[in-house]
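Structure record follows, encoded as structure tokens.
Since the model is a prediction, treat every value here as computed from it, not as a measurement.
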Amino acid sequence: SFVLRQRFSELTIIVGLIAVLLLLWRLVDVITKFSQRRLVERRNMPGISIVLFLGRGAKIALVVFGTIFTPSTLGFDVTTGLAALGIGGIALALGAQKTVENFVGSVTLIADQPIRVGDFCKVGDTSGTVEQIGMRSTRLRTSERTIVTIPNGDFSSQKIENFAHRDRFLFNPVLRLRYDTTPPQIQAVLRSLRETLSAHPKIDKTSARVRLTEITADALKVEVFSYILTNDFNEQLEIKEGLLLTMMDAVNTKGKGMALPVQQLLFNNGETGIEQG
């Protein structure tokens with residue numbers, strides 16, 4: 001009959017629609033994995049975040065399209081339902097402000113890119129490597145090998161310190177010389193420290209300086225300020241270690257050595273007091 005043929009036609013359309021949606025779903029998965037693999041090979045970390053976000057957005061769009069188109073094919077009027085859905089969506093948005101805030105925060109993180117997958121950063125009191133930027137939250141792998149999940153709304157509103165873009169490391173030790181070091185010895189120590197900085201190939205010569213900055217009650221403070229020209233953390237540790245050992249040797253050989261906190265016992269009219277220095 002005509003009615004049966006009409007129902008069979010509608011059923012055929014629905015089955016075809018579901019097949020097309022499943023095909024598109026699998027196609028989104030294939031494209032996402034292929035793009036992610038190519039971006040990993042090219043070491044394009046920000047592109048990975050964008051691809052993952054677009055893949056999830058495409059899947060959500062497919063689900064919404066299938067949910068709306070299927071009742072329309074069966075002859076149901078979806079106009080009223082869409083209007084009600086819009087009103088319900090507004091009410092839901094008001095009741096789920098945190099969820100909407102997290103979604104907007106994820107869009108901000110992907111668009112502005114203050115951090116990328118693979119970056120080592122500090123957010124508030126939490127430090128770690130970014131493993132995933134999701135639609136609701138961002139996951140960090142800490143130095144303790146634990147996973148910290150931060151909602152994107154909170155993540156995007158906090159102060160973010162990204163260590164991945166650092167082009168050099170600050171070298172700024174303060175050396176405490178003994179109080180009985182004579183002025184000629186201090187000058188000899190300063191000259192030796194300056195020569196150490198100027199002779200090192202990984203030290204930025206334009207920023208390097210060594211100065212006697214303060215005379216305190218227990219020590220003479222010498223400030224060393226320079227930048228180590230490397231962005232590799234382990235390399236800067238090795239350079240820093242060598243520089244500190246050389247500077248300690250200069251202080252011990254050219255001067256009287258490093259100042260140490262001491263305590264002195266003072267006797268006055270039979271009373272004992274402790275003077276700390």
Side-chain angles (χ1 to χ4, degrees), residues 42-49 109 112-131 133 138 140-144 148 155-156 158-179 181 183-216 218-261:
R42 298 178 181 178
R43 298 182 180 178
N44 188 353
M45 295 298 109
I48 296 176
S49 301
L109 289 176
D112 193 36
Q113 293 185 358
I115 49 98
R116 305 169 182 175
V117 174
D119 288 353
F120 185 84
C121 65
K122 181 179 180 181
V123 183
D125 297 330
T126 305
S127 300
T129 303
V130 180
E131 287 205 342
I133 303 176
T138 296
L140 300 181
R141 174 78 67 175
T142 67
S143 301
E144 298 290 335
V148 176
F155 197 103
S156 59
Q158 294 190 49
K159 178 182 177 181
I160 303 174
E161 185 176 4
N162 194 336
F163 297 96
H165 299 288
R166 179 163 47 188
D167 59 344
R168 60 187 66 184
F169 286 84
L170 176 65
F171 180 67
N172 185 217
V174 177
L175 307 179
R176 293 162 47 88
L177 307 185
R178 288 178 53 175
Y179 208 79
T181 307
Q185 289 176 328
I186 294 175
Q187 292 177 356
V189 170
L190 295 178
R191 282 195 301 268
S192 179
L193 297 181
R194 289 165 185 160
E195 291 173 358
T196 299
L197 293 180
S198 61
H200 202 287
K202 287 289 187 176
I203 291 296
D204 181 25
K205 306 303 186 298
T206 59
S207 63
R209 67 174 184 266
V210 181
R211 295 292 180 185
L212 176 65
T213 58
E214 190 177 358
I215 300 177
T216 64
D218 60 337
L220 307 173
K221 291 188 177 181
V222 175
E223 181 187 15
V224 179
F225 185 94
S226 63
Y227 286 103
I228 301 176
L229 299 177
T230 180
N231 57 4
D232 183 79
F233 184 76
N234 291 325
E235 184 181 3
Q236 72 89 19
L237 285 179
E238 182 181 355
I239 296 173
K240 183 177 180 180
E241 177 185 275
L243 289 173
L244 290 176
L245 291 175
T246 304
M247 290 180 176
M248 289 177 60
D249 183 66
V251 171
N252 291 327
T253 57
K254 305 292 184 180
K256 294 290 185 67
M258 295 288 188
L260 298 175

For a quick test of reading the model, state the closest non-hydrogen atom pair linking Cys121 to Asn162 and the distance between them. CB-CA, 4.1 Å
Verdict with supporting geometry, Asn172 and Tyr227, side chain to side chain contact (heavy atoms under 4.5 Å, CB included): CA-CA 8 Å; Asn172 185 217; Tyr227 286 103; over 6 Å; no
For the residue pair Met247 and Leu193, what are the closest heavy atoms and their distance? CG-CD2, 3.4 Å
Does a side-chain N-to-carboxylate-O contact under 4.0 Å join Arg141 and Glu131? yes
Does the side chain of Thr230 pick up a donor-acceptor pair with the side chain of Asp232 at under 3.5 Å? no
Would a 4.5 Å heavy-atom cut-off, applied to side chains only, mark Val224 and Val174 as touching? no
Count the heavy atoms belonging to other residues, nucleotides or ligands that lie under 6.0 Å from NZ of Lys205, then report whether that count exceeds 12. yes
With a 4.5 Å cut-off on side-chain heavy atoms, are Asp119 and Thr129 touching? no
Side chain to side chain contact (heavy atoms under 4.5 Å, CB included) between Val123 and Phe155, worked out: CA-CA 7 Å; Val123 183; Phe155 197 103; 3.4 Å; yes
Can you give me the closest heavy-atom contact between Tyr179 and Thr216, atom names plus distance? CE1-O, 3.0 Å
Verdict with supporting geometry, Thr253 and Met248, side chain to side chain contact (heavy atoms under 4.5 Å, CB included): CA-CA 9 Å; Thr253 57; Met248 289 177 60; over 6 Å; no
Residue pair Ile133, Ile115: steps toward the side chain to side chain contact (heavy atoms under 4.5 Å, CB included) verdict: CA-CA 9 Å; Ile133 303 176; Ile115 49 98; 3.4 Å; yes
Holding to ring-ring contact (aromatic ring centres under 6.0 Å, His included), I want the full list of residues that pass it with Phe120, two or more places apart in sequence or in another chain. Phe163
Could you state the interatomic distance from CG (Asn231) to CD (Gln236), rounded to the nearest 0.5 Å? 10.5 Å
Nearest 0.5 Å, please: how far is CZ in Arg178 from CG in Asn252? 10.0 Å
Side chain to side chain, His200 and Leu243, heavy atoms closer than 4.5 Å: yes
Is the shortest heavy-atom distance from the side chain of Pro184 to the side chain of Ile186 under 4.5 Å? no
Which value, rounded to the nearest 0.5 Å, describes the distance between Leu229 atom CG and Ser207 atom OG? 7.5 Å
Non-hydrogen atoms of Val130 and Arg116 that approach each other most closely: CB-O, 3.4 Å
Is atom CG of Leu245 surrounded by more than 12 heavy atoms (other residues, nucleotides or ligands) closer than 6.0 Å? yes
Determine whether more than 12 heavy atoms belonging to other residues, nucleotides or ligands lie under 6.0 Å from atom CD of Glu238. no
Of all pairs that satisfy side-chain hydrogen bond (donor to acceptor under 3.5 Å, both in side chains), the ones with a partner from residues 183-198, not counting sequence neighbours: Thr182-Gln185
Beyond-backbone contact of Ile239 with Phe169, side-chain heavy atoms, under 4.5 angstrom: no
To the nearest 0.5 Å, what is the distance between NZ on Lys159 and NZ on Lys122? 8.0 Å
Leu177 versus Lys256: any side-chain heavy-atom pair under 4.5 Å? no
Is a side-chain donor or acceptor of Asp249 paired with a backbone partner of Thr246 at a separation under 3.5 angstrom? no
Can you establish whether the number of heavy atoms outside Met258 located under 6.0 Å from its atom CE is more than 12? yes
To the nearest 0.5 angstrom, please state how far the CZ atom of Arg211 sits from the CG atom of Leu190. 8.5 Å
Residues at least two apart in sequence or cross-chain that pass salt bridge (Lys or Arg N to Asp or Glu O under 4.0 Å) with Glu235, listed by chain then number, are Lys202
Within a strict 4.5 Å, meaning less than it, do heavy atoms of the Leu220 and Leu212 side chains meet? yes
So, for Leu170 and Ser226, which heavy atoms are closest and what is the spacing to 0.1 Å? CD1-O, 3.6 Å
Using a cut-off of 6.0 Å, state whether more than 12 heavy atoms not belonging to Arg166 lie near its atom CZ. yes
Is there side-chain contact between Leu175 and Val251, with heavy atoms separated by less than 4.5 Å? yes
